[in-house]
Amino acid sequence: MSNGAEILDSEFIQGFSASLLDDYLNAKNYVQDVPTQSLLHIRSFTHRLTDLLAQKHHLSFCGPNLYDRIEQLNQSRVIDVKTTRALHRLRSDGNRGAHPEKYHLTQEQLLALAQKSIRDVLALIEYLYPKFIGKAAPAFSYQASDALTAKELCYRAVMEDDAKSQYLLGVSFKTKALMLKEQELALIDLQYGTEDENGEAVMAMAKQVAETFAKAAYWFSLAAPKDMDALFEHGVSLIHGYSGKADIDAGEAAIAIAARAGVVNAMALLGYFYLVGSKTIAQDLTEAQAFLERAAEGEQAEAMANLGVLYFQAHNLTQAFHYINQAAQAGYPHAQYHLALMLANGDGCKPDPIASKHWMTEAAEQGQLDAMLTLAQQILNDENAFGSDLSQAEHYLREVIKYGHSVPAMIELSMALADGILGRIDVVGSAALLNLAKRHANDDEKEIIDPLWLSLALQVDKVLEVTQDAGEIHALKRAQAILSHESH
């Protein structure tokens with residue numbers, strides 16, 4: 001991209017193909033204030049780009065799944081390895097944008113991801129230009145001044161009563177609220193056992209979360225009568241009580257209407273309701289399959305994963321593997337974790353420990369809690385693990401504790417800190433984790449914690465009897481105080 005360019009980036013995209021321009025401009029316009037929407041347009045852009053590449057080479061796709069399309073282009077040698085990787089990266093970023101809270105993204109990380117994806121689009125089109133158009137790509141410059149601002153969205157939503165703008169404001173507030181909720185849960189655990197437990201910081205965060213969810217609910221409710229995507233989100237907000245009080249009956253009814261109108265996320269959720277049963281919807285595996293398949297055709301990753309569950313429960317492991325593999329390839333971390341297990345056990349496939357380790361690592365890197373805990377436990381049980389491995393295990397365990405409040409992770413990390421497995425002994429940290437584990441533990445887990453608690457208390461007492469180090473004495477007494485703290 002040249003600063004002395006004669007054309008703008010929008011003209012550059014239009015010169016490549018006018019059919020890509022709307023998605024590109026929308027991705028740019030939403031990137032600052034509604035990055036989730038920006039990333040969804042990036043995914044749509046990628047889908048249209050695969051159509052163009054196929055048409056140029058008279059290739060017909062076997063289905064709508066974007067992963068399969070990219071792989072078909074690659075296997076047909078329509079695109080090279082560099083293009084294949086770039087398309088998969090854009091596809092993955094678009095999928096992450098649909099549910100950023102599932103990937104534990106902060107608002108800043110989500111914004112950075114959307115901005116990076118815009119740059120990746122331009123770099124890919126610049127690379128493809130001579131191959132697709134038959135001449136060198138023209139010099140162009142990126143113009144960032146046409147971004148849609150929150151002020152403009154609000155004007156359209158309020159003064160023009162524009163349903164799309166109302167819906168997008170709702171999406172923006174919902175995304176922010178979900179991220180704040182994760183921060184709130186982490187803060188509660190951070191403060192537990194301290195003087196500020198349930199103090200001002202926790203209360204302020206909880207208030208901010210509730211207010212942000214309420215704003216999302218307000219805008220979804222305004223847009224719902226005129227916009228089916230908004231009706232779906234309105235249904236979700238009613239089920240989860242974004243406004244303070246849940247109305248599950250009305251929420252499920254709204255989702256059913258949106259699903260029958262063809263909203264992909266609504267079809268995926270209604271299919272899940274039919275799969276497991278809900279308050280107003282009886283379990284019906286035939287209906288579950290129908291809605292999940294329609295959502296899966298739109299590459300809704302959770303729908304693919306739940307189709308895998310449906311077939312797994314029906315003991316059709318081959319079909320279960322097919323759909324869970326599709327969901328994993330689409331970037332859905334829960335499916336990646338389950339695919340790793342299936343590959344390890346040979347469920348519906350040949351056992352493949354190398355591929356299993358790949359998908360387990362992929363899931364962990366995307367924040368899947370079970371995968372992180374599994375890998376951390378494997379590392380801690382490996383006698384040959386060294387410094388960087390142990391640091392990775394500690395990182396995984398702390399992430400699982402932070403986002404999943406996992407008692408097994410708390411116990412694993414507490415023991416590792418007490419025994420010096422991580423290269424240091426930290427009795428204060430170990431005690432704090434056991435104290436936190438007691439708070440979250442069920443009866444079976446408490447039976448595991450109690451002897452560990454007693455053992456750590458004895459360890460602290462014994463070292464206190466012999467040590468002369470002032471710093472160590474201070475730490476040991478702090479650990480004593482934590483272990484004598486009555487767990488809730």
Side-chain angles (χ1 to χ4, degrees), residues 35-36 39-40 42-43 67 88-117 174-190 209 265 268 299-306 308-309 324-343 356-380 388-410 412-413 433 436 440:
T36 51
L39 286 162
L40 289 176
I42 290 290
R43 191 186 176 286
Y67 176 88
H88 276 311
R89 185 163 54 247
L90 292 172
R91 175 188 59 81
S92 177
D93 289 348
N95 288 335
R96 293 172 75 191
H99 298 286
E101 75 283 355
K102 295 184 185 298
Y103 298 86
H104 310 307
L105 298 177
T106 65
Q107 190 70 29
E108 293 76 17
Q109 289 170 330
L110 182 62
L111 174 60
L113 181 64
Q115 291 171 331
K116 179 190 77 70
S117 293
K174 176 187 175 181
T175 303
K176 182 179 179 182
L178 289 168
M179 293 175 176
L180 287 171
K181 184 66 178 176
E182 287 200 337
Q183 293 176 32
E184 178 197 0
L185 293 173
L187 183 61
I188 289 172
D189 281 350
L190 183 66
V209 169
N265 286 332
E299 209 187 352
Q300 215 284 354
E302 287 186 79
M304 296 176 195
N306 283 326
V309 172
I324 288 172
N325 182 50
Q326 275 201 335
Q329 301 286 5
Y332 188 49
H334 292 288
Q336 292 169 342
Y337 168 70
H338 288 291
L339 179 61
L341 297 180
M342 295 186 80
L343 286 163
S356 176
K357 180 66 179 292
H358 163 78
W359 285 112
M360 189 68 74
T361 303
E362 188 77 10
E365 288 304 308
Q366 293 205 79
Q368 209 283 336
L369 303 180
D370 294 315
M372 286 194 282
L373 178 57
T374 299
L375 287 179
Q377 290 171 328
Q378 289 175 355
I379 292 170
L380 293 178
S388 60
D389 295 328
L390 295 171
S391 296
Q392 185 68 70
E394 181 176 359
H395 167 72
Y396 281 151
L397 289 173
R398 291 195 182 279
E399 289 290 289
V400 176
I401 293 166
K402 179 180 179 181
Y403 293 113
H405 308 95
S406 165
V407 172
M410 296 171 192
E412 286 278 3
L413 185 53
L433 284 162
L436 183 61
H440 291 282

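We're numbering straight along the sequence, starting at 1. Since the model is a prediction, treat every value here as computed from it, not as a measurement.
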By side-chain hydrogen bond (donor to acceptor under 3.5 Å, both in side chains), R43 pairs with (sequence neighbours left out) N95, E299
Applying side-chain contact (heavy atoms from CB on, under 4.5 Å) to S356 and not counting sequence neighbours gives A340, L343, A344
The side-chain contact (heavy atoms from CB on, under 4.5 Å) partners of P333 (sequence neighbours excluded) come to Y103, Q336, Q366, Q368
I need the [X] [atom1] to [Y] [atom2] distance, nearest 0.5 Å.
X	Y	atom1	atom2	value
Q115	L110	CD	CG	10.0 Å
H395	S388	NE2	OG	13.5 Å
M360	H358	CE	NE2	12.0 Å
L39	S117	CG	OG	5.0 Å
M342	W359	CE	CH2	13.5 Å
M372	Q377	CE	CD	12.5 Å

Return the minimal non-hydrogen interatomic distance between [X] and [Y], and the atom names on each side.
X	Y	value
I379	D389	CG2-O, 3.5 Å
A327	A305	CB-N, 3.7 Å
L375	A364	CD1-CB, 3.6 Å
L380	E412	CD1-OE1, 3.9 Å
L40	G94	CD2-O, 4.1 Å
A335	I324	O-CG2, 3.5 Å

With side chains defined as the heavy atoms from C-beta onward, is the minimum distance between [X] and [Y] less than 4.5 Å?
X	Y	answer
L113	Q109	no
K116	R89	yes
Y403	L369	yes
N265	Q300	yes
L341	T374	no
V400	L413	no

Would you please test K357 and T361 for side-chain contact (heavy atoms from CB on, under 4.5 Å) and show each step?
CA-CA 6 Å; K357 180 66 179 292; T361 303; 4.0 Å; yes
One pair to check against side-chain contact (heavy atoms from CB on, under 4.5 Å): E302 and Y332. What are the steps and the verdict? CA-CA 7 Å; E302 287 186 79; Y332 188 49; 3.1 Å; yes
Practice task
Take R91 and H88 through the side-chain contact (heavy atoms from CB on, under 4.5 Å) test and state the conclusion after the steps.
Solution key: CA-CA 5 Å; R91 175 188 59 81; H88 276 311; 3.1 Å; yes
TODO: Report the C-alpha separation of L436 and I401 in whole Å, then their side-chain angles, then the decisive distance to 0.1 Å, and conclude whether the side-chain contact (heavy atoms from CB on, under 4.5 Å) test is met.
DONE: CA-CA 10 Å; L436 183 61; I401 293 166; 4.2 Å; yes
